[in-house]
Amino acid sequence: MNTFQPHSSHWGAFSGRYQDGKLEIRPHPADPHPSPLLGNLAAIAHSPARIRRPAVRRGWLDGTTNNAQHRGADDYVDVSWPEALDLVAGELRRVYGDFGAKAIFGGSYGWSSAGRFHHAQSQIHRLLNVLGGYVRSVNTYSSGAAMVIIPHVLGPYDHFDRKSVTWDAIERSSELIVAFGGMAIKNADVHGGGISSHIVRQTLNGASARGARFVLVSPLKDDFPAELDAQWLPIVPGTDVALMLGIAHALVNAGLHDLGFLDRYTVGYERFEDYLLGRSDGVEKSPEWASGICGIDADAIKELARTMASARTLITVSHSLQRADYGEQPVWMGIVLAAMLGQIGLDGGGYAYSLGALGNIGKAQLAVPLPTLSQFKNPVPDFIPVARIADMLLNPGDAFNYNGHTMRYPDIRLVYWAGGNPFHHHQDLNRLRAAFKRPETIIVHETAWTSSARHADIVLPATTTLERDDIGAADRDPLMIAMKKLIEPVGEARDDYEIFSEIARHLGKFEEFTENRTSQDWLAFLFETTRTALGAGGHKAPDFEAFWKRGEMRLPLKPDDGGPAHAFRNDPSGSPLRTPSGKIEIFSQTIEGFGYDDCRGHPKWYPPRAETKADESYPLHLVCNQPYSRLHSQLDYGDFSRSTKIKGREPVRIHPVDAVERGISDGDIVKLFNVRGSCLAAAVISEDVRKGVMQLATGAWFEPDAPTADNAMCIHGNPNILTHDVGTSQLAQGSTGQLTRVEVERFVGEAPPVRIFEGPKVQNRSQ
């Protein structure tokens with residue numbers, strides 16, 4: 001292929017060509033700040049980590065007694081596609097027939113491709129629904145707590161605040177941005193479905209040039225762009241709610257809270273103020289009280305409160321804060337603090353959850369719908385919060401609470417996973433390894449030999465986005481991309497649609513699943529959704545062939561009208577919130593009625609669970625944030641991701657004082673450990689982390705030192721070997737993987753080599 005062809009990824013639009021055995025990538029010319037993650041793509045075409053043929057775990061294939069106990073350590077054997085498809089269809093037929101749809105868990109996580117058709121999550125759910133349904137998961141690891149608390153307080157998630165504060169408004173009107181958890185540019189490099197223009201950095205610089213000021217509340221100094229010269233408040237991890245309460249107390253004490261706004265637009269403030277001022281529990285949440293918890297000077301808290309009240313202030317709360325113990329609280333308390341300032345609905349002011357966490361949040365909304373593949377209706381009502389998968393597999397039949405309901409974990413016999421890597425997302429990996437030994441059969445579609453593939457019984461090689469045609473499009477991004485195939489499938493890899501179509505054929509559901517359309521037929525069919533809407537809106541609407549030849553198409557955007565927050569502020573009766581009261585719920589009678597002791601009717605301070613145990617054996621806070629060098633764990637074998645490793649391992653940052661106390665030097669291989677496990681990493685001495693804090697990004701492919709051991713050490717540097725697998729609270733049961741407590745020591749001796757990217761040895765059937 002001699003000419004560059006358009007394509008797209010979650011981290012940016014680009015064009016590429018494969019020539020002379022080399023894949024060349026060029027960022028989209030209109031992108032002002034292309035993501036360096038594009039540097040990982042070239043390895044797709046040749047990496048030994050790619051899965052090239054269907055493979056089956058030997059113990060499962062031979063029917064060895066207790067063979068599931070060898071998942072993660074067993075050998076694999078090659079099989080042909082016909083045999084692999086027979087095995088998959090046979091297992092689905094057996095489990096549906098013997099145990100019903102409630103015995104099948106359909107796992108996927110939605111980040112496998114920016115394409116609208118070859119979207120693994122849609123494909124697997126469509127097949128399983130055609131076959132009779134499946135147990136599903138709800139919410140996300142990234143925002144599991146926020147997705148439950150926000151609907152109670154503001155209304156439907158993704159409606160109120162994500163559509164009410166735009167980057168344009170920030171650039172023209174914001175005077176002060178207080179970012180709890182920061183606004184790291186690396187996170188804004190990505191967006192589900194693609195991003196054609198990375199504008200966050202230039203927008204923030206524009207606001208700064210106009211005179212806007214920035215306050216970063218985070219234990220990591222680089223959670224905000226350095227050029228903005230933000231005031232850094234190096235908070236103790238997990239204590240943001242205490243700081244917010246201290247600010248709120250200072251506002252009340254100085255008479256700076258907006259009682260008129262609270263009276264007109266909120267309910268329950270009086271109940272909250274009783275708690276804030278200590279009338280209900282005898283403890284005033286004063287700046288002095290907060291300072292003793294969060295490590296920020298009381299006078300600095302008071303000054304910040306005065307500054308926030310005197311400026312057009314935007315409060316942002318990052319994903320990271322709610323990925324921790326009681327993660328619902330900082331999201332809720334940030335809303336309450338913004339309401340006390342009375343600025344919700346003002347241009348560039350108020351509250352924004354997760355602004356900067358994804359590249360397109362804060363951009364203008366599209367004026368037309370995007371192509372979407374129907375998943376059909378799932379007849380099975382059973383579900384789990386996504387971060388409770390290990391609980392489900394280990395404790396079938398046990399009861400759990402979720403958002404006002406008491407539910408029971410189903411008895412899962414078969415797990416079918418396509419798209420996503422639970423050995424990246426999930427916490428306490430040794431516990432997850434034990435959980436993955438419980439089902440009778442695990443089937444995985446994968447592009448490469450991740451740990452998820454290495455814990456499966458049947459592994460089907462799937463193509464990557466570069467090996468197929470698709471349509472790239474994302475919410476709030478105005479460019480639709482013709483994602484043209486750049487390379488031939490590696491080995492015998494097939495796309496998910498082809499695989500599922502053949503399984504459907506085996507089970508007599510081919511026509512229902514495919515509707516007698518090829519992949520290319522589907523692209524043209526799905527494109528019609530957007531084309532028809534364009535025509536109805538008076539816009540030019542090329543047919544699919546013209547779009548495909550052109551390579552891209554710009555979509556119209558809605559005007560920035562301030563969104564639901566502005567409408568609510570202007571007319572709270574005519575544009576009420578979709579909450580029980582129609583207002584902002586500072587006190588929620590609904591949540592109070594659930595009776596949960598870990599999430600009551602208003603936001604409050606709960607000490608992190610690790611602190612309540614006073615475990616002095618693990619004195620350091622470990623921040624397990626998103627990586628700079630890849631999206632989640634995707635393409636960890638790529639050139640850019642590998643270039644950031646040290647001696648083949650993930651870098652872990654440690655403050656100089658903490659390093660000196662432990663005899664650790666820059667570049668040393670170190671061992672991090674706690675009661676759940678341990679991992680190796682390479683030390684980076686840095687003053688950009690608070691003393692007493694370490695930072696180790698997620699996403700390094702899990703490589704246990706002893707695959708058969710119950711308590712293995714990850715020699716590559718995956719922090720989820722250390723994190724706690726417990727829900728945020730009974731309300732949301734979200735992930736708490738952002739923070740944990742550890743100790744660290746210099747590793748003595750020769751460190752075991754990292755070989756995870758070499759792929760396992762797969763034997764021929766006769767061996």
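- Taking the charged nitrogens against the carboxylate oxygens, Asp222 and Arg653 do have a contact shorter than 4.0 Å, which makes a salt bridge.
- A salt bridge links Arg662 and Glu743; the closest N-O separation between the charged side-chain nitrogens and carboxylate oxygens is under 4.0 Å.
- Listed by chain and residue number, His445, Phe500 satisfy the ring pair (Phe, Tyr, Trp, His ring centres under 6.0 Å) test with Tyr416 (two or more places apart in sequence, or in another chain).
- Of the possible donor and acceptor atoms, none in the side chain of Asn421 sits under 3.5 Å from a partner among the backbone N and O of Gln634.
- For the residue pair Arg433 and Ala706, the shortest heavy atom distance occurs at NH2-O, 3.9 Å.
- Side-chain atoms of Asp325 and Thr736 include no donor-acceptor pair closer than 3.5 Å.
- Proximity of a side-chain donor or acceptor of Trp605 to a complementary backbone N or O of Leu243 within less than 3.5 Å is not detected.
- Annotation: the span from Asp725 atom CG to Asn430 atom CG amounts to 11.5 Å, rounded to 0.5 Å.
- Shown here for Ser686 and Val689, the closest heavy-atom pair between the two residues is O-CG2, 3.5 Å.
- Annotation: side chain of Val652 is not in contact with side chain of Glu650 (no heavy-atom distance under 4.5 Å).
- With hydrogens and angles ignored, the 3.5 Å screen pairs no side-chain donor or acceptor of Asn139 with any backbone N or O of Pro385.
- The aromatic ring centres of His10 and Trp111 sit less than 6.0 Å apart.
- Without hydrogens or angle criteria, Asn718 side chain to Ala700 main chain gives a donor-acceptor distance under 3.5 Å.
- Although no hydrogens or angles enter the test, the distance criterion places a donor-acceptor pair under 3.5 Å between the side chain of Arg676 and the main chain of Leu722.
- Between the side chains of Thr728 and Gln322, no donor-acceptor pair of N or O atoms lies under 3.5 Å.
- Annotation: cation-pi geometry satisfied between Arg609 and Tyr326 (NZ/CZ under 6.0 angstrom from ring centroid, within 45° of ring axis).
- The line from CD1 of Ile715 to CD of Glu703 is 3.5 Å long, rounded to the nearest 0.5 Å.
- Taking the six-membered ring where the residue is Trp, the centroids of Trp701 and Tyr637 are separated by under 6.0 Å.
- A donor-acceptor pair is defined here as one N or O able to donate and one able to accept, closer than 3.5 Å; no such pair exists between the side chain of Asp705 and the backbone of Ala712.
- When all heavy atoms of Val386 and Tyr141 are compared, the closest pair comes out as O-OH, 3.4 Å.
- Formation of a donor-acceptor pair under 3.5 Å by the Arg649 side chain with backbone atoms of Ala682 is not found in this model.
- The backbone N or O of Ile685 sits less than 3.5 Å from a side-chain atom of Asp666, completing a donor-acceptor pair.
- Note: Asn625 CG to Asn187 CG = 7.5 Å, rounded to the nearest 0.5 Å.
- Atom-to-atom distance recorded for Leu393:CG and Phe105:CZ is 8.0 Å, nearest 0.5 angstrom.
- Between the side chains of Gln730 and Asp597, at least one donor N or O lies within less than 3.5 Å of an accepting N or O.
- For Trp11 and Phe640, the ring centers sit 6.0 Å or farther from each other.
- Ion pairing between Arg431 and Asp391 holds under the 4.0 Å rule for side-chain N and carboxylate O.
- Residue His425 forms a ring pair (Phe, Tyr, Trp, His ring centres under 6.0 Å) with just one option from Tyr109, Phe702, Trp417, and that option is Tyr109.
- Going from atom CG of Leu321 over to atom CG of Asp240 covers 4.5 Å, rounded to the nearest 0.5 Å.
- In plain terms, the two heavy atoms of Ile51 and Pro461 that are nearest each other are O-CB, 3.3 Å.
- Of all heavy-atom pairs spanning Ser318 and Gly181, the tightest one is OG-CA, 3.3 Å.
- Salt bridge present: Asp457 and Arg71 bring a charged side-chain N and a carboxylate O closer than 4.0 Å.
- Residue Ala697 comes nearest to Pro627 through the heavy atom pair CB-CA, 3.7 Å, listed as atom of the first residue, atom of the second, then distance.
- Atom CZ of Arg58 sits about 5.0 Å away from atom CD of Gln763, to the nearest 0.5 Å.
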